[in-house]
Amino acid sequence: MKYSIFYIFLFLIACKDQDKALRKVGLIAKHAMVVSARVEASQIGSDILKKGGNVFDAMIATEFALAVAYPYAGNLGGGGFMVYRTNSGDIGAIDYREKAPIAATKNMYLDSIGNVIPEKSTLGALAVGVPGTVAGMFAIHEKFGSLPINVILRPVIELAYKGVVVTQKQEDRIKKYQPLFLKTNKDSIKFNRPWKTNDTIKYPELAKTLERISMYGKDGFYKGKTAKLLSSFIQSNGGIISQEDLAKYKAIWRSPIIFNYDDLKIISMSPPASGGICLAQIMKMIEPFPIHEYGHNSLKSIQVITEAERRAYADRSFFLGDPDFVEIPIKNLISEDYAKQRMQSFSFNKPTLSSDLEHGTIDFIESDETTHYSIIDRFGNAIAATTTLNGAYGSKLYCKELGFFLNNEMDDFSSKPGSPNMFGLLGAEANSIAPEKRMLSSMTPTIIEKQGALYMTLGTPGGSTIITSVLQTILNVHEYKMSMQEAVDAPRFHHQWLPDEIRMEPNAFNKRLINDLNDKGYKTNQKDSPIIGKVDGILVLQDKRYEGGADHRGDDTAVGF
Ligand code: DON
């Protein structure tokens with residue numbers, strides 16, 4: 001008897017080991033790592049870290065390298081957010097989000113009878129918000145940079161001159177958007193050529209712009225030759241961004257959103273990004289439920305997560321906007337009491353219909369593209385940064401002379417209450433257009449501590465699905481005990497209050513589960529979401545090495561040493 005128990009014990013250990021052997025793990029590195037949407041950008045960032053640069057130097061290099069290697073979303077003509085945690089535990093965040101031009105007006109995308117004019121906020125020069133990326137990088141460099149900017153930018157400029165090899169995924173993307181490049185630009189642009197996998201695209205015009213930035217700093221973009229060229233280019237295409245808009249742009253340091261979930265401390269982006277608040281609300285609503293017992297992507301887990309998402313997105317659409325323009329009851333929204341109150345109407349028996357659900361009541365105390373990258377340096381400093389042009393190649397408007405695409409971030413405003421934007425998101429007064437206001441974002445760059453130590457850094461593109469993709473990746477590691485790579489690769493689903501449906505990645509969930517959800521009364525949609533998010537993250541393993549999770553849905557790659 002004794003022996004048989006002993007053998008069963010051995011067998012279980014063997015199974016466990018085998019289980020481990022079968023697990024898919026991402027790149028493991030001992031000292032430092034960069035995970036981003038393109039190998040060229042990850043490599044440039046990692047080389048800066050090897051040279052002795054810190055996480056912020058590497059971030060600046062990676063961000064600019066993505067502008068060269070990943071014009072789909074990497075940018076000079078867009079904006080983003082970054083959350084950091086230094087090795088001494090200091091945390092902070094920067095907002096380099098685009099803002100509405102001074103000449104913007106509340107109803108600028110409506111016709112004379114108040115209807116939203118299709119494509120006006122998504123295609124061409126009027127869709128462009130004042131870009132923030134270059135200002136963001138220089139604000140970060142001023143505060144934290146350790147290497148000179150020309151050292152950081154040199155490999156990026158070399159890459160732009162040398163060119164970047166087209167991948168299969170890039171070939172497909174360029175092809176898909178060529179009709180819109182033609183429609184938007186007066187002249188034919190570089191991306192109209194029939195690029196094929198393994199071709200090399202060179203970016204000499206972008207290299208020249210980067211050289212000016214390297215030489216003159218922030219002013220190399222927001223003033224002088226670049227600013228003159230850029231504003232007259234935008235205006236000659238019918239836009240309203242002036243030299244004054246560019247000269248006035250400033251990145252803003254913000255306090256991140258911080259909350260606890262079990263033994264994790266989660267640090268995420270604050271408004272004008274909705275990511276941190278929504279993530280906190282959803283996780284606080286989920287926390288009382290033993291979802292690890294229900295199982296990953298099980299009926300009960302999906303029900304709890306969906307209902308929490310539904311409630312958080314209903315609040316998002318009402319309460320959130322640029323904190324410099326509207327008052328946001330952040331404390332109340334992310335409190336445990338409010339989460340409990342919001343989930344009172346939840347039942348495992350049937351869905352809460354979105355048509356029966358509104359934003360919660362809070363007593364105000366008076367008073368299709370983005371890209372994410374995660375970096376940890378050899379000193380243990382970490383950043384999570386998400387940057388975007390909004391749609392794929394932004395407004396599709398490409399400034400040939402300067403060599404980059406311009407964003408269509410103005411579509412992230414609510415053009416009209418009740419009218420969905422390109423991600424189907426609704427907004428209200430809090431996110432209406434006003435001169436110099438920042439449009440609400442879903443970006444969710446996030447860093448996590450466990451028992452006081454750095455544990456994870458992650459984020460993703462995906463418009464409205466950003467928040468729920470970050471959420472599921474955290475839960476996959478923390479609740480369902482996956483490796484970082486497994487957590488990133490696992491099939492995802494998404495609910496955003498309206499439309500009232502669970503979007504699910506196609507062919508990733510079994511039929512029985514879908515039937516069970518449908519039987520309960522949930523609408524499921526596997527058609528309109530070929531992929532949900534493209535998460536890049538780094539997990540600190542127990543032995544203090546790093547595991548990268550680079551999303552298989554893109555060309556994303558981890559590089560480390
Ligand atoms: O800030 C936002 O929420 C959007 N502009 C993000 C767009 C995006 O993620 C597109 N990528 N798929």
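Counting starts at 1 for both ligands and their atoms, following the listed order. All residue numbers refer to positions in the sequence shown, counting from 1.
Using a 4.0 Å cut-off between heavy atoms, Asp412 contacts ligand 1 through its side chain alone, with no backbone atom that close. Contacts with ligand 1 closer than 4.0 Å are made by no heavy atom of His372, backbone or side chain. Residue contacts with ligand 1 for Met439 are absent, since no atom lies close enough (heavy atoms, distance under 4.0 Å). Within the 4.0 Å heavy-atom criterion, neither part of Leu440 lies near ligand 1.
Each of the following atoms of ligand 1 lies closer than 4.0 Å to a heavy atom of Gly462: 8 (C), 9 (O), 11 (N), 12 (N). In the vicinity of Phe423, heavy-atom distances shorter than 4.0 Å reach the ligand 1 atoms 7 (C), 8 (C), 10 (C). Listed by atom number, the atoms of ligand 1 under 4.0 Å from Ser442 heavy atoms are 1 (O), 2 (C), 3 (O). Each of the following atoms of ligand 1 lies closer than 4.0 Å to a heavy atom of Ile466: 9 (O). Close approach of ligand 1 to Met443 (heavy-atom distance below 4.0 Å) involves ligand atoms 1 (O), 3 (O).
Residue contacts with ligand 1 leave out Lys534, since none of its heavy atoms falls under 4.0 Å from the ligand.
Outside the 6.0 Å centre-distance limit, the rings of Tyr96 and Tyr249 are not counted as a close aromatic pair.
Atom NE2 of residue His478 and atom CG of residue Leu475 lie 8.0 Å apart, to the nearest 0.5 angstrom.
Residues passing the side chain to side chain contact (heavy atoms under 4.5 Å, CB included) test with Leu110 are Asn107, Val116, Lys416, sequence neighbours excluded.
For the pair Lys396 and Tyr393, the NZ or CZ position fails the cation-pi test of under 6.0 Å to the six-membered ring centre and within 45 degrees of the ring normal. Cation-pi geometry between Arg173 and Tyr72 is met: the NZ or CZ atom falls under 6.0 Å from the ring centre, inside 45° of the normal.
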Which donor-acceptor pairs under 3.5 Å do the side chains of residues 264-280 make with protein atoms, sequence neighbours left out?
| unit_1 | atom_1 | unit_2 | atom_2 | d |
| --- | --- | --- | --- | --- |
| Ser268 | OG | Pro445 | O | 3.3 |
| Ser268 | OG | Thr446 | OG1 | 2.8 |
| Ser270 | OG | Ser255 | O | 2.9 |
| Ser274 | OG | Arg316 | NE | 2.9 |
| Ser274 | OG | Arg316 | NH2 | 3.4 |
| Ser274 | OG | Ser441 | O | 2.7 |

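In terms of heavy atoms, Tyr338 sits closest to Asn332 at CB-O, 3.2 Å.
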